[in-house]
Amino acid sequence: MDDNFYMKQALAEARKAAERGEVPVGAVVVCKERIIARAHNLTETLTDVTAHAEMQAITAAAATLGGKYLSECTLYVTVEPCVMCAGAIAWAQMGRLVFGAEDEKRGYQRYAPQALHPKTVVVKGVLADDCAALMKDFFVTKRR
């Protein structure tokens, strides 16, 4: 299993979000080569602006492990996290963050590049074209 494999799992979650009319962002949390959480955006479904894929995945992973710190885990997410999610990733002390497409408008790198925990390893651009295409196609469809 490698980063591409797990990002494909996150993309499958993003497609679930799109099918529900949600912005297509998907996430999975991996610990010791096992997926322990899967999530996608639910902001429209739950009428909750904090129900981003990353937030849902962090909550589910912490519940699975029975603890709030995820330092042994990797979060795979299809789009660069926003500042809110970056803060949650930091508080969870996530070991690794792997994301696909960068978000130049709302991503944490633009507004809070130091938001993550200092020990979190970041890998950018995994299957970035696939992740970006899913977002672009979703918004093209929404604007028709």
Side-chain angles (χ1 to χ4, degrees), residues 1-139 142:
M1 308 283 180
D2 63 3
D3 288 344
N4 286 339
F5 173 83
Y6 294 118
M7 188 59 74
K8 287 177 184 175
Q9 301 302 305
L11 275 164
E13 287 297 318
R15 287 185 195 94
K16 290 179 188 176
E19 290 168 8
R20 298 177 77 135
E22 299 276 359
V23 174
V25 178
V28 298
V29 177
V30 175
C31 189
K32 298 178 181 167
E33 298 185 23
R34 192 177 117 233
I35 295 174
I36 61 167
R38 296 174 181 271
H40 53 270
N41 272 359
L42 290 171
T43 59
E44 300 298 327
T45 303
L46 299 177
T47 319
D48 179 358
V49 296
T50 69
H52 290 193
E54 301 96 320
M55 302 295 275
Q56 302 296 310
I58 289 167
T59 299
T64 297
L65 294 178
K68 62 185 180 179
Y69 297 120
L70 305 175
S71 57
E72 307 255 330
C73 300
T74 300
L75 172 65
Y76 291 86
V77 61
T78 56
V79 178
E80 175 187 345
C82 69
V83 174
M84 173 185 69
C85 292
I89 292 163
W91 283 110
Q93 298 181 17
M94 190 70 64
R96 285 178 78 224
L97 166 64
V98 179
F99 66 85
E102 293 195 25
D103 184 347
E104 295 174 7
K105 291 182 181 177
R106 296 191 181 226
Y108 81 92
Q109 294 178 107
R110 177 177 180 172
Y111 295 106
Q114 303 301 315
L116 298 177
H117 191 278
K119 292 183 180 177
T120 300
V121 175
V122 179
V123 178
K124 307 173 189 179
V126 175
L127 300 180
D129 292 342
D130 295 339
C131 295
L134 188 58
M135 290 289 281
K136 182 180 176 186
D137 293 348
F138 175 80
F139 285 110
K142 279 286 188 193

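Computed from a prediction, not measured in an experiment: that's the story for all the values here.
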**Student:** Closer than 4.0 angstrom, basic N to acidic O: yes or no for Glu19 and Lys16?
**Tutor:** no

**Student:** Which pair of non-hydrogen atoms, one from Glu72 and one from Cys31, has the smallest distance, and what is that distance?
**Tutor:** O-SG, 3.9 Å

**Student:** Quick one, Met7 and Val28 - any side-chain contact, counting heavy atoms below 4.5 Å?
**Tutor:** no

**Student:** Please report the closest heavy-atom contact between Ala86 and Leu116, naming both atoms and the distance.
**Tutor:** O-CD2, 3.7 Å

**Student:** Indicate yes or no: at least one non-hydrogen side-chain atom of Asp48 is less than 4.5 angstrom from one of Leu42.
**Tutor:** no

**Student:** Specify the closest pair of heavy atoms between Thr64 and Arg34, including all atoms of both residues, with the distance to one decimal.
**Tutor:** CG2-NH2, 4.3 Å

**Student:** List the atom of Arg110, the atom of Glu80, and the distance in Å for their closest heavy-atom pair.
**Tutor:** N-OE2, 4.4 Å

**Student:** How many angstroms lie between atom NZ of Lys8 and atom CG of Asp2, to the nearest 0.5 angstrom?
**Tutor:** 8.0 Å

**Student:** For Ala53 versus Asn41, what's the shortest heavy-atom pair and its separation?
**Tutor:** N-OD1, 2.8 Å

**Student:** Side-chain contact test, heavy atoms from C-beta onward, threshold under 4.5 Å: evaluate it for Met94 versus Ile58 and give yes or no.
**Tutor:** yes

**Student:** Could you state the interatomic distance from CD (Gln109) to CZ (Phe99), rounded to the nearest 0.5 Å?
**Tutor:** 4.0 Å

**Student:** Check whether any side-chain heavy atom of Val23 sits under 4.5 Å from a side-chain heavy atom of Thr43, and report yes or no.
**Tutor:** no

**Student:** For the residue pair Asp3 and Val126, what are the closest heavy atoms and their distance?
**Tutor:** O-CG1, 3.8 Å

**Student:** Is any side-chain heavy atom of Tyr108 less than 4.5 Å from a side-chain heavy atom of Cys85?
**Tutor:** no

**Student:** Would you call Arg38 and Gln9 a side-chain contact if the rule is heavy atoms closer than 4.5 Å?
**Tutor:** yes

**Student:** Parallel, tilted or perpendicular: which one describes the rings of Tyr76 and Tyr6, with boundaries at 30° and 60°?
**Tutor:** tilted

**Student:** Are Glu54 and Cys82 side-chain neighbours, meaning at least one heavy-atom pair lies under 4.5 Å?
**Tutor:** no

**Student:** Can you confirm whether Asp129 is buried at CG, in the sense that more than 12 heavy atoms of other residues, nucleotides or ligands lie under 6.0 Å from that atom?
**Tutor:** no

